Amino acid sequence: MNIYAMRAIYHFEMARSFRAPLQSIASPVISTILYFVVFGSAIGSRMTMIDGVPYGVFIVPGLIMLTVIIQSVANASFGIYFPKYLGTIYEPLSAPISPWEMVIGYVGAATTKSIALGLIILAVSYLFVPITIAHPLVMLFFLFITSVAFSLLGFIIGICSRNFEQLNIVPTLILTPLVFLGGSFYSIKILPQVWQTITLFNPAVYLISGFRWAFFDVSDVPVTLSLVAIGLFSALLLGIVSWIFSTGYRLRN
Amino acid sequence: MSAIIEIKKLTKQYADGYRALDDISVQINEGEIISLLGPNGAGKTTLISIICGLTTLTNGSVTIAGFDVVRDYRKTRSLIGLVPQEMTLEPFETVLGTVNLSRGLFGKKQDRAHIENILRQLSLWDRRNTQIRELSGGMKRRVLIAKALSHEPKILFLDEPTAGVDVDMRRDTWTVIKDLKRRGVTIVLTTHYIEEAEEIADRVAVINGGKIILIEEKNELMKRLGTKQLCVELEKPMTDIPKSLIRFDIQIENSGSRLLYRYDASMKSTDVHSVLAALATENIVIKDLQTYESSLEDIFVDLVAKEKN
Ligand SMILES: Nc1ncnc2c1ncn2[C@@H]1O[C@H](COP(=O)(O)OP(=O)(O)O)[C@@H](O)[C@H]1O
Ligand SMILES: [Mg+2]
């Protein structure tokens, strides 16, 4: 194993974010604060409690998930796409590194950043609303596995994209709608029966529901189902990554 | 001399069906400087890319120190440093940052003293904390060389290292290359400047259309192929070549107002000097002087013509 190489990629990726702290930390934090002001205070004060939780508190897990998912994909996809775009990818490709070591370096860095971001947003939330976390370890686990899974997804998107437009297609057209419609800001129980059923095909529902269970001990779907769903999703992504590597797809001619 | 790189029946066909390398077999010896000489599109970059693991091969094999570049890629790649043809660098990273990254990627523990040494040698030490986007083209090229040397490779590939750089930079690059050779590093460089091959290579391989059409000791090759012409415009036309000049291969042209002297590019400049000295002794007044070098193009025409015979 080439430990030094994984460490080098990891450090390089982390340093890249610290060079642009405004983009990597400040902007997600500011948009989170905006969500709180608009949904939590302005609208939330006129909402009834959901599952016995005040609305301003109820949206915290959804908000964290929203940011973590979007930022994981953005970070990881950019992390691998940019060297491809610049041509600097020649170096890791000519280095004695296995594809999986590359994944660990790039996806590891993106995951670290997402987890840090999730925790920062949680901390910011404390400034606005009182929160108690029912199952802190489960909460951390969901935060971890979500960051890993969506960083992997971002890695795949970054490898497959041929230009900046393609890089944005999946996040904008698929991911953001799925997360918004997956109950980030509401319980799917308030939807009409038909929509509740349709929503169950949205994988984001299982994640957000599971994460919310870790906070409030209430959920839209059983928490075990959430765990199975994210497990299957991660397995699927790992499968796609190994298929990409076995074909040399879009990295080597 | 023992071969450090063995290329056997190597063929590369790109996805679009283009055959960039066609059944190439070459041995590269440990410690030598070999120059791959060929026009654009000859397949030089493709060959290097396959050896370094950037491009897949279609057929044949490449081994480095006995290890296969596909199967034992960890062993082979850690022996290699690559200076790519394109100037590909992360613009916002610092010089030191990017060179340290290279060393890490190639599986080596950080070594400040070694990196400082390299950067000093390439006159980059004073700029170590500068972002790459602020550097000039020549400086960027040095950074690429520093990155390739960061992990102390046994073999260095330089893909057109002096294309589009100024004279100083070219000299510096040659100095670095010669210094590496002294330390036993094997060097493979591609170029389309015959002058460059002439200056530093031990052997020259001429590659064209995906085939190696010739591989030879440089000195031999230059003797056979490199001819230069000295063209002397005369103040007063002459009809016969003076006796003292007959021993040189000189022709009269342009109804006596021009002398043409053909000489070997690998010979010493003293030969040109002797011709000019003889002219002076004969009191022949020179109006103008020019020298022409046989271009790579001429050499190819020559080579292809000879291949047909
Ligand atoms: N990715 C590619 N796909 C198809 N053809 C390619 C590719 N890369 C290079 N070629 C072709 O292969 C030939 C050799 O290219 P290259 O090795 O870059 O030549 P050189 O470095 O000697 O100038 C050229 O005709 C080039 O157009
Ligand atoms: Mg080339």
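Quick caveat, the model's predicted, so the values are computed rather than measured.
- Rounded to the nearest 0.5 Å, atoms CD1 (A:I9) and CG (B:L101) are 7.5 Å apart.
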- Message: Could you go through B:F92 and A:R16, starting from their C-alpha distance and side-chain angles, then the distance that decides it, and tell me whether this counts as side-chain contact (heavy atoms from CB on, under 4.5 Å)?
- Response: CA-CA 8 Å; B:F92 298 104; A:R16 188 171 60 78; over 6 Å; no
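- Here the CG atom belonging to B:N100 is positioned 11.5 Å from the CZ atom belonging to A:F12, to the nearest 0.5 angstrom.
- Looking at heavy atoms from C-beta onward, A:S94 lies out of side-chain contact with B:F157 at the 4.5 angstrom threshold.
- Between the CG atom of A:L93 and the OG atom of B:S49 there is a distance of 10.5 Å, given to the nearest 0.5 Å.
- Contacts between B:T46 and chain A at a heavy-atom distance below 4.5 Å are absent for every atom of the residue.
- Looking at B:E86, neither its backbone nor its side chain comes within 4.5 Å of chain A, counting heavy atoms on both sides.
- In terms of non-hydrogen atom pairs under 4.5 Å with chain A, the most contact-rich of B:C52, B:A15, B:A148 is B:C52.
- The shortest side-chain heavy-atom distance between B:K109 and A:Y4 falls under the 4.5 Å cut-off.
- Rounding to the nearest 0.5 Å gives a distance of 5.5 Å between OH of A:Y90 and NZ of B:K147.
- Atom CE of B:M87 is surrounded by more than 12 heavy atoms from other residues, nucleotides or ligands within 6.0 Å.
- Among the candidates A:M1, A:E101, A:M6, the residue making the largest number of heavy-atom pairs closer than 4.5 Å to chain B is A:E101.
- In this structure, CD in A:E91 is found 7.0 Å from OG in B:S150, a value given to the nearest 0.5 Å.
- Residue B:E93 touches chain A through both its backbone and its side chain, counting heavy-atom pairs closer than 4.5 Å.
- Summarising the geometry of A:P96 relative to B:S78, their closest heavy-atom pair is CG-CB, 3.9 Å, with the distance given to 0.1 Å.
- Residue A:Y126 places its OH atom among more than 12 non-hydrogen atoms of other residues, nucleotides or ligands, all under 6.0 Å distant.
- A 6.0 Å sphere centred on CZ of A:F164 holds more than 12 heavy atoms belonging to other residues, nucleotides or ligands.
- B:K12 touches chain A through its side chain: at least one heavy atom from C-beta onward sits under 4.5 Å away, while N, CA, C and O do not.
- In this structure B:D22 satisfies the salt bridge (charged side-chain N to carboxylate O under 4.0 Å, His left out) test together with B:R19, B:K211, sequence neighbours excluded.
- Annotation: maximal heavy-atom pairing with chain A below 4.5 Å, among B:R77, B:E90, B:H151, occurs at B:R77.
- Side-chain contact between B:P91 and A:L86 is present, with heavy atoms from C-beta onward closer than 4.5 Å.
- When the shell of 6.0 Å around OH of A:Y85 is examined, it contains 12 or fewer heavy atoms from other residues, nucleotides or ligands.
- The backbone N or O of B:L105 lies less than 3.5 Å from a partner atom in the side chain of A:N2, making a donor-acceptor pair.
- For chain A, no part of B:L57 is nearby; none of its heavy atoms comes within less than 4.5 Å.
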- Task: Before giving the answer on side-chain contact (heavy atoms from CB on, under 4.5 Å), spell out for A:S98 and B:Y73 the whole-Å C-alpha distance, their side-chain angles and the decisive distance to 0.1 Å.
- Result: CA-CA 9 Å; A:S98 77; B:Y73 68 90; 3.2 Å; yes
